[in-house]
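What follows is a short report on a single structure.
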Amino acid sequence: CDSLVSKRLSCNHNIDIPCYLKNSTVEFECHAVINQVTICHPCNIHSTTTNLCKQQLKLKRMEKCTDLITCFRYRCGHSITIPCCDRIYAERQLDGNQLDDNIVKAKGNYCNSESNLNKCIELIDYMNDCGHVFKDVPCHLAFDYANDIIPSPQCNQIISI
């Protein structure tokens, strides 16, 4: 039957649906326009103002703030744009050294990267054990070399004795 019938939603609003769906377990979205309210996100920094029932319900169930922010990574100081809820991972102080003067030195005992974040691809310099510098190395690779996570590049500099 295609006749429209009224169905009460979990939010207590009614929606018109085809009769054959009235006993369905499908969750129907509420499209009711209600009083406008501002709902604070879990971070207590961001908020959203809306007058739509479905959006208010979604915001009230939100466990993490997904608004995008720009902050700085603790290890290298480079900026990163991430969801607000991941800020703690970017700025958390970790054991070990940080980037200094835009150069990572071999065996520098650097802090590890946060696995929850995308790898930093800013270009920096890496100084090998021998003291020669490799220019324009992606940041995450330079730290991986320095912390012996992956082998350092071979130095092909010719020196005169």
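A 4.5 Å side-chain heavy-atom check between Cys76 and Glu122 finds every atom pair outside the cut-off. Using a 4.5 Å cut-off on side-chain heavy atoms (C-beta onward), Leu57 and Cys11 make contact. Side-chain contact check for Leu21 versus Lys7: every heavy-atom pair is 4.5 Å or farther apart. Residues Ile17 and Val5 are in side-chain contact: their nearest non-hydrogen atoms beyond the backbone lie under 4.5 Å apart. Between Leu99 and His78, the closest side-chain pair of non-hydrogen atoms falls below 4.5 Å. At a threshold of 4.5 Å between non-hydrogen side-chain atoms, the residues Glu63 and Pro42 do not count as touching. Taking the side chain as every heavy atom from C-beta outward, Tyr126 and Ser152 approach each other to under 4.5 Å. Asp125 is not listed as a side-chain neighbour of Val137, based on a closest heavy-atom distance of 4.5 Å or more.
When all heavy atoms are compared, the tightest approach of Leu94 to Cys111 is CB-CB, 3.7 Å. Heavy atoms only, all atoms of each residue included: Ile150 and Tyr145 are closest at CD1-CE2, 3.5 Å. Nearest heavy-atom pair, His41 versus Thr48, reported as atom, atom and distance to 0.1 Å: NE2-OG1, 2.7 Å. Closest non-hydrogen pair, Ala90 versus Ile80, comes out as CB-CG2, 4.2 Å. Taking each heavy atom of Cys40 and Ser47 in turn, the nearest pair found is CA-CB, 3.9 Å. Taking all atoms of both residues into account, the shortest heavy-atom contact from Ser79 to Thr70 is CB-CG2, 4.0 Å.
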Decide yes or no on side-chain contact (heavy atoms from CB on, under 4.5 Å) for Gln98 and Tyr74, but give the supporting numbers first.
CA-CA 7 Å; Gln98 296 172 268; Tyr74 175 75; 3.5 Å; yes
For Ile82 and Tyr89, run side-chain contact (heavy atoms from CB on, under 4.5 Å): C-alpha distance rounded to whole Å, both residues' side-chain angles, the deciding distance at 0.1 Å, then the answer.
CA-CA 10 Å; Ile82 53 176; Tyr89 303 116; over 6 Å; no
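Rounding to the nearest 0.5 Å gives a distance of 10.5 Å between CD1 of Ile149 and CG of Leu141. With values rounded to the nearest 0.5 angstrom, Thr49 atom OG1 is found 9.5 Å from Gln56 atom CD. Here CD1 of Ile45 is found 7.5 Å from CD1 of Ile69. Values are rounded to the nearest 0.5 Å. The CD1 atom of Ile124 sits 10.5 Å away from atom CG of Asp136, with the distance rounded to the nearest 0.5 Å. Note that CZ of Arg87 is 5.5 Å distant from SG of Cys71, once rounded to the nearest 0.5 Å.
Note on residues 99-108: pairs passing side-chain hydrogen bond (donor to acceptor under 3.5 Å, both in side chains), not counting sequence neighbours, are Lys107-Asp148. The stretch residues 20-36 participates, sequence neighbours left out, in these side-chain hydrogen bond (donor to acceptor under 3.5 Å, both in side chains) pairs: Glu29-Lys54.
Not one N or O on the side chain of Asn14 forms a donor-acceptor pair closer than 3.5 Å with the backbone of Ser6. Under the 3.5 Å distance criterion, the side-chain polar atoms of Asn128 are matched with a main-chain donor or acceptor of Pro153.
Under a cut-off of 6.0 angstrom, the local environment of CG in Asn118 is sparse, with at most 12 non-hydrogen atoms contributed by other residues, nucleotides or ligands. No more than 12 heavy atoms of other residues, nucleotides or ligands shown are found within 6.0 angstrom of CD1 on Ile88.
By the ring-ring contact (aromatic ring centres under 6.0 Å, His included) test, Tyr110 is found to be paired with Phe143, residues two or more places apart in sequence or in another chain being considered.
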